[in-house]
Amino acid sequence: MYDVAIIGGGPAGGSAAIYTAKAGKKTAIIDSNQGVTKRAMLYNHYGITEITGPNLVETGLNQAKRYGAELFETKVTSISQTSEGFKLETEAGIIESKQIILATGFLTDLAESIGLATKPGTEPRVKTIFDVDAFGKTNIEGIWAAGTCAGVSVHTIITAGDGAKVAINLISDLNGERYVDHDVLK
């Protein structure tokens with residue numbers, strides 16, 4: 001049983017996974033390789049002169065794995081609630097988790113099937129987003145959303161920041177106190 005299953009391995013999901021895994025939460029990242037970032041060339045990402053989308057995604061996922069996150073390269077086919085959290089059926093098998101972060105970019109169909117509230121998107125080509133509060137919580141306890149599917153701008157720097165924000169809020173919720181993660185120079 002994972003503490004957190006993150007569906008989507010792009011900037012929002014990868015960033016969330018860095019924080020949850022580094023905080024000691026057993027983290028699964030489930031990525032179906034459908035993210036639009038893998039087709040991007042980035043010249044506007046703070047702190048990086050230029051980087052390809054595939055390199056940005058790979059670097060982020062490697063950071064998360066360095067802290068113990070496990071990557072499953074498969075597609076989630078259904079989500080159901082259990083007494084302890086959620087059962088995610090994937091094309092490669094079952095993954096169980098206490099919490100879920102949806103970081104599915106443009107894709108909302110799967111989660112709509114379990115009753116998550118949605119609303120019209122505001123970004124070009126983003127038709128539907130999850131209706132989340134300021135912390136990233138959806139209308140189903142234990143399911144959070146981050147990035148484009150949660151209504152933030154499609155720019156990678158913004159979706160990555162939103163993934164980090166939602167992860168910090170989730171960790172704080174699980175710990176019962178505000179979580180802060182600051183590394184210092186040695």
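This is a predicted model, so every value here is computed, not measured. The basis for the numbers below is simple: all heavy atoms, side chains too, and nothing from hydrogens, waters or symmetry mates.
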Novice: Check the pair Thr104, Phe130 against side-chain contact (heavy atoms from CB on, under 4.5 Å), reporting the backbone distance first and the verdict last.
Specialist: CA-CA 10 Å; Thr104 55; Phe130 299 116; 3.9 Å; yes
Novice: Could you tell me the separation between the OG1 atom of Thr118 and the CG atom of Leu116, rounded to the nearest 0.5 Å?
Specialist: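 So the OG1 of Thr118 and the CG of Leu116 are separated by 8.5 Å.
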Novice: So with a 6.0 Å cut-off around OH of Tyr2, is the heavy-atom count from everything else above 12?
Specialist: yes
Novice: Would Ile6 and Ile30 count as a side-chain contact (heavy atoms from CB on, under 4.5 Å) here? Give the steps.
Specialist: CA-CA 6 Å; Ile6 300 168; Ile30 307 157; over 6 Å; no
Novice: Do Glu177 and Ser172 have side-chain heavy atoms sitting under 4.5 Å apart?
Specialist: no
Novice: Measuring from Thr37:OG1 to Leu42:CG, what's the distance to the nearest 0.5 Å?
Specialist: 7.0 Å
Novice: Identify whether the distance between the nearest side-chain nitrogen and carboxylate oxygen of Lys38 and Asp31 falls below 4.0 Å.
Specialist: yes
Novice: With heavy-atom distances below 4.5 Å as the criterion, would you say the side chains of Ser113 and Asp109 are in contact?
Specialist: no
Novice: Among the clusters formed by ILVMFWY side chains lying less than 4.5 Å apart, do Ile29 and Ile143 turn up in the same one?
Specialist: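 As far as the 4.5 Å side-chain criterion goes, Ile143 and Ile29 are not connected within one cluster.
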Novice: Report yes or no: does Thr82 contribute a side-chain atom to a donor-acceptor pair with the main-chain N or O of Lys87 at less than 3.5 Å?
Specialist: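 No, because the side chain of Thr82 does not come within donor-acceptor range (under 3.5 Å) of the backbone of Lys87.
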Novice: Under the side-chain contact (heavy atoms from CB on, under 4.5 Å) criterion, do Leu88 and Glu96 qualify, and how do the steps go?
Specialist: CA-CA 6 Å; Leu88 294 85; Glu96 293 183 308; over 6 Å; no
Novice: Pairs in or reaching into residues 142-161: which pass salt bridge (Lys or Arg N to Asp or Glu O under 4.0 Å), with residues at least two apart or in two chains?
Specialist: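 Non-adjacent pairs meeting salt bridge (Lys or Arg N to Asp or Glu O under 4.0 Å): zero.
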Novice: Which pairs pass salt bridge (Lys or Arg N to Asp or Glu O under 4.0 Å) with one or both residues in residues 49-78, sequence neighbours excluded?
Specialist: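 Of all non-adjacent pairs touching residues 49-78, none passes salt bridge (Lys or Arg N to Asp or Glu O under 4.0 Å).
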Novice: With a 4.0 Å cut-off on N to O distance, would you call Lys137 and Asp131 a salt bridge?
Specialist: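 Looking at Asp131 together with Lys137, the answer is no, because their closest N to O distance does not fall below 4.0 Å.
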Novice: Using a 6.0 Å cut-off, check whether atom CZ of Arg178 has over 12 heavy atoms from anything other than its own residue.
Specialist: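 Yes, CZ of Arg178 has more than 12 neighbouring heavy atoms, counting only those of other groups under 6.0 Å.
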Novice: Has the side chain of Thr77 got a donor or acceptor atom that lies under 3.5 Å from a matching backbone atom of Glu89?
Specialist: yes
Novice: Atom CD1 of Ile129 and atom SG of Cys149: how far apart are they, to the nearest 0.5 Å?
Specialist: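 These two atoms lie 9.0 Å from each other.
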Novice: Side chains of Thr27 and Thr20: donor-acceptor distance under 3.5 Å anywhere?
Specialist: yes
Novice: Whether the side chain of Thr159 engages the backbone of Gly147 through a donor-acceptor N/O pair (distance < 3.5 Å, no angle test) should be reported.
Specialist: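 Flag not set: sc Thr159 to bb Gly147 has no pair under 3.5 Å.
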Novice: Is there a donor-acceptor contact under 3.5 Å linking the side chains of Asn55 and Thr52?
Specialist: yes
Novice: Does His155 have more than 12 heavy atoms from other residues, nucleotides or ligands lying within 6.0 Å of its NE2?
Specialist: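 Counting other residues, nucleotides and ligands, NE2 of His155 stays at 12 neighbours or fewer.
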Novice: Given 3.5 Å as the limit, does a donor-acceptor pair link the side chain of Ser97 with the main chain of Ala5, or not?
Specialist: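 Yes; judged by distance alone, with no hydrogens or angles, the pair exists.
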Novice: Counting C-beta onward and ignoring hydrogens, is there a side-chain heavy-atom pair between Met1 and Glu84 closer than 4.5 Å?
Specialist: yes
Novice: Out of curiosity, Ile100 CD1 to Trp144 CH2, how far, rounded to the nearest 0.5 Å?
Specialist: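 Atom-to-atom, Ile100:CD1 and Trp144:CH2 are 13.0 Å apart.
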Novice: Report yes or no: does Asp133 contribute a side-chain atom to a donor-acceptor pair with the main-chain N or O of Phe135 at less than 3.5 Å?
Specialist: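 Yes, Asp133 side chain to Phe135 backbone: donor-acceptor pair under 3.5 Å.
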Novice: Supply the atom-to-atom distance Gln99 CD to Leu170 CG, rounded to the nearest 0.5 angstrom.
Specialist: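 Spacing of CD (Gln99) from CG (Leu170) equals 4.5 Å.
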Novice: Can you tell if the side chain of Thr90 reaches within under 4.5 Å of the side chain of Phe72, non-hydrogen atoms only?
Specialist: no
Novice: Run the salt-bridge test on Asp3 and Lys26 with the 4.0 Å N-O cut-off and return the result as yes or no.
Specialist: no
Novice: For the CG atom of Leu110 and the OG atom of Ser78, what is their distance to the nearest 0.5 Å?
Specialist: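 The CG atom of Leu110 sits 7.0 Å away from the OG atom of Ser78.
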